[in-house]
Structure formats: structure tokens, C-alpha cells
Amino acid sequence: MRAAIVEAPGKVSVTTVPDPTPGPRDVVVSVASCGLCGTDLHILQGEFAPTLPIVPGHEFAGEIVGTGRDVTELAVGDRVAVDPSLHCHECRYCRVGRGNLCERWAAIGVTVPGGAAEFAVAPVANCVKLPDHIDVRDAALVEPLSCAVRGYDVLSGTLGAEVLIYGSGTMGLMMLELAKRTGAASVDVLDVNPDRLGTAGLLGCSRSAAGAEELEQPGGWDVVIDATGNAGAIQDGLGRVAKGGTFLQFGVADYATTAVIEPYRIYNQEITITGSMAVLHSYERAAALFASGVLDPAVFISDRLPLEQYPQAIDRFKAGIGRKIVVEP
């Protein structure tokens, strides 16, 4: 089969690899679409993935074309979205229900071959069957949506919060859509990319700007979300949190990224700084939200490229062009 391969840091190509073989409780998925995200850039940089080469792609959906001998829940022909999370279920964090912090954390497309290929293997337990009205090519959006759902689980937001989101890429826009549905009084969005910022306006953000200084909010925001991973945005966002407010680090920063905090202010104003790591008990809920129409795929997916153009797709994503970019084998 054909698959994208990150061969070494900075080097990605599309080549022929052996067809995957399912284990007893696995299925083989014929990939319909596979999304690109910031994690894929980190893998290309030599971060995250413990060893290279690796077939990337942790946001994917498709049709089951093969099953292991012990699979009874799903059958050939079922269309599924795939949760890439692979937890050990044995370590301390797994035992207390925090599998996303697993001491042996692994993921399809990060530590084992992923969905940037014609076919991918996944545990049957990680597959969510899609309803008939969903276009399977759109369902690559379920995984990033499940990360956004996890982010709002961490926030435990209160009704009437004033929210500020840094970044209007796919994840920032998803956080915007969820903020609107979790009782936010206002949702402001910042981005230096005018095209992406225009999409935030299309989706109904309260205000949009290139920088927070352009908005009148002297007391700050109750909830500040960084969906960029950019050091400058993070540092600015930390200073925009209102008294008693929360800063959520949602964007994936480079390993070397640092920010300065003000301990006295955090203490004196009871500010919470927290993070959200990947998916945790949120994939099925994201699939249900997606099926209900919480996202418009026509807005979120800006580019559909053939698998053979995976290197070009990575380049477009790195350049900040478009919103969600998917490759389709």
C-alpha cells in the first residue's frame, strides 16, 4: 500500500509499505481521509514520536475492510472514526482514569503507524461507528473535536464567562464553537492571519482582532485559551486573565518554549493556569456532537489533497495556509 513516511527529522515522503495485518482484536480501516495538525509538525521536527521512521496521521476515518479473529462488535463495511489513543491500562494514571497521562502513552500515527496511508490498523475498541448521514471523508474532524471537548472538560466553565481565544486555526475555531455552546457570554478571537480571522467572524465570534490591545477589556477575560502554541501569544495571554479567571494551554508548543508567570498575581488574584492533553473520555461525545452538526465540515476543511501530495500538504499547513487540511488516499 501507499503511505506517507516521516523518515527522519525534516524528511517526509510517500512510498510503498507492506499492507497492515490486524491482531485478534484489531480492524483494518480503508482510510477515507486523514487530517494534519500541529502534532504532525512536531513529529516532523523529531519531537513526540519516540522513533522514526513512522507513518503519521492520528486524525482519520474510513471503512472497515478486515477484522481480527476475535472482533464481533464491528464488521467489514462499517464506517468508523478512530480514536488514536493507546493506553496501557496498568499504570497509576490509567488506574485512576487519567489514561491521557499514561506512563506508557502511545498513539496511532505517533508511536505506531497511522492513517496517512491507504490502510491503517486500529483496536476495535478505538473505533466509533458513524451514522449513515455522515460523509466519512468529513469524519477526520472527530479526533480534533474530541481534543476540544477534553479542553472544555478541564475548564469546567461557568455560565456567562467572557472568553478570549488566541488562534483561529482549526483548534481555535473548534474552541469557539464549543464556547458558544457552553454558556459563554462572549467569545473574542485573536489571530495575525486575516483569512483565518475572517472565518472566526463567519462562525459568530463576538469580536476579532490581530491583538488583544485592539479590544477594550480593561479587566481581562474570565477564560483565556491559547490555541497557537506560540510563545508570544502564550505570554500575552497569561497577562489577559481576569481576577479569578483561568488560562488554558491548549495549543501544542515546541519543547523549548517558555513563558514567565507572576506568582504573586496568581496567588493574589486566584488565577488558574491549566493544560489539556489530547483525548480523555471525550471521543464518543465528540462523535455524537459531530453527528448532531456542531461543526460545518465545509467551513472547517479548506483543503483536500491526494495522499501522494502529503509533503505538499505539510508545507501548506506549516505556512499557515487554509484551515483543516486533509489527505485522501
Side-chain angles (χ1 to χ4, degrees), residues 35 37 59 81 133-134 138-212 214-217 219-229 233 237 240-242 244-251 272 274-276 279-302 322-324:
C37 92
E59 304 177 358
H133 72 277
I134 295 297
D138 296 336
L141 291 171
V142 173
E143 196 280 339
L145 181 58
S146 72
C147 294
V149 171
R150 170 59 185 161
Y152 275 93
D153 286 347
V154 170
L155 282 171
S156 302
T158 56
L159 292 172
E162 295 179 316
V163 179
L164 176 65
I165 299 172
Y166 284 75
S168 56
T170 300
M171 299 314 304
L173 295 176
M174 287 188 176
M175 297 302 271
L176 163 63
E177 290 286 43
L178 293 186
K180 289 159 48 182
R181 290 163 174 80
T182 52
S186 65
V187 190
D188 299 328
V189 179
L190 305 176
D191 204 308
V192 295
N193 184 321
D195 291 334
R196 288 183 170 180
L197 205 57
T199 305
L202 177 67
L203 293 179
C205 69
S206 304
R207 297 179 295 179
S208 62
E214 299 178 29
L215 305 176
E216 293 186 8
Q217 194 84 4
W221 284 262
D222 302 310
V223 175
V224 176
I225 300 168
D226 173 69
T228 70
R240 305 289 179 178
V241 184
T246 300
F247 177 89
L248 174 66
Q249 185 55 50
F250 184 72
T272 299
T274 188
S276 172
V279 181
L280 183 66
H281 311 312
S282 55
Y283 199 88
E284 287 77 6
R285 286 181 289 147
L289 284 169
F290 186 76
S292 76
V294 70
L295 304 180
D296 181 353
V299 172
F300 275 81
I301 298 176
S302 62
R323 294 173 297 281
K324 178 56 67 179

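Everything numeric in this text was worked out from a predicted model, so none of it was measured.
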request  = Please assess M175 against V163 for the test side chain to side chain contact (heavy atoms under 4.5 Å, CB included), listing each intermediate value before the final yes or no.
outcome  = CA-CA 10 Å; M175 297 302 271; V163 179; over 6 Å; no
Check against side chain to side chain contact (heavy atoms under 4.5 Å, CB included), R150 and L280 = CA-CA 6 Å; R150 170 59 185 161; L280 183 66; 3.7 Å; yes
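The two residues M171 and P144 have their closest heavy-atom pair at CE-O, 3.1 Å. Counting all heavy atoms, side chain and backbone alike, M174 lies closest to A148 at CB-CB, 4.1 Å. When all heavy atoms are compared, the tightest approach of R285 to V149 is NH1-CG1, 3.7 Å. When all heavy atoms of I134 and A139 are compared, the closest pair comes out as CG2-CB, 4.4 Å. The shortest non-hydrogen separation linking Y166 to A212 is OH-CB, 4.0 Å. Contact record, L215 with S208: CD2-O, 4.4 Å, taken as the closest heavy-atom pair.
With R323 contributing its side chain and V299 its backbone, the two residues share a donor-acceptor pair below 3.5 Å. Between the side chain of R181 and the backbone N or O of E177, at least one donor-acceptor pair lies under 3.5 Å. Not one N or O on the side chain of T272 forms a donor-acceptor pair closer than 3.5 Å with the backbone of T246. A donor-acceptor pair under 3.5 Å is formed between the side chain of Q249 and the backbone N or O of G251.
A distance of 8.5 Å separates CG in L145 from CZ in F300, rounded to the nearest 0.5 Å. Going from atom CZ of F290 over to atom CD of E143 covers 13.0 Å, rounded to the nearest 0.5 Å. A distance of 11.5 Å separates CG of L155 from CG of D222, quoted to the nearest 0.5 Å. Interatomic distance, CD1 of I301 versus CG of D138, reported as 4.5 Å (0.5 Å rounding). In this structure, OG in S186 is found 13.0 Å from NZ in K180, a value given to the nearest 0.5 Å. Rounding to the nearest 0.5 Å gives a distance of 7.0 Å between OG of S168 and CZ of R196.
Here the rule is side-chain contact (heavy atoms from CB on, under 4.5 Å) with L203, and of V187, L176, D296 only L176 fits it.
A 4.5 Å side-chain heavy-atom check between T170 and C37 finds every atom pair outside the cut-off. Contact of the I225 side chain with the Y152 side chain is registered, since non-hydrogen atoms from C-beta on lie closer than 4.5 Å. In this structure, the side chains of Q217 and L164 stay at 4.5 Å or more apart for every pair of heavy atoms.
Checked for salt-bridge contact, D188 and R240 miss the test: no charged N lies under 4.0 Å from a carboxylate O.
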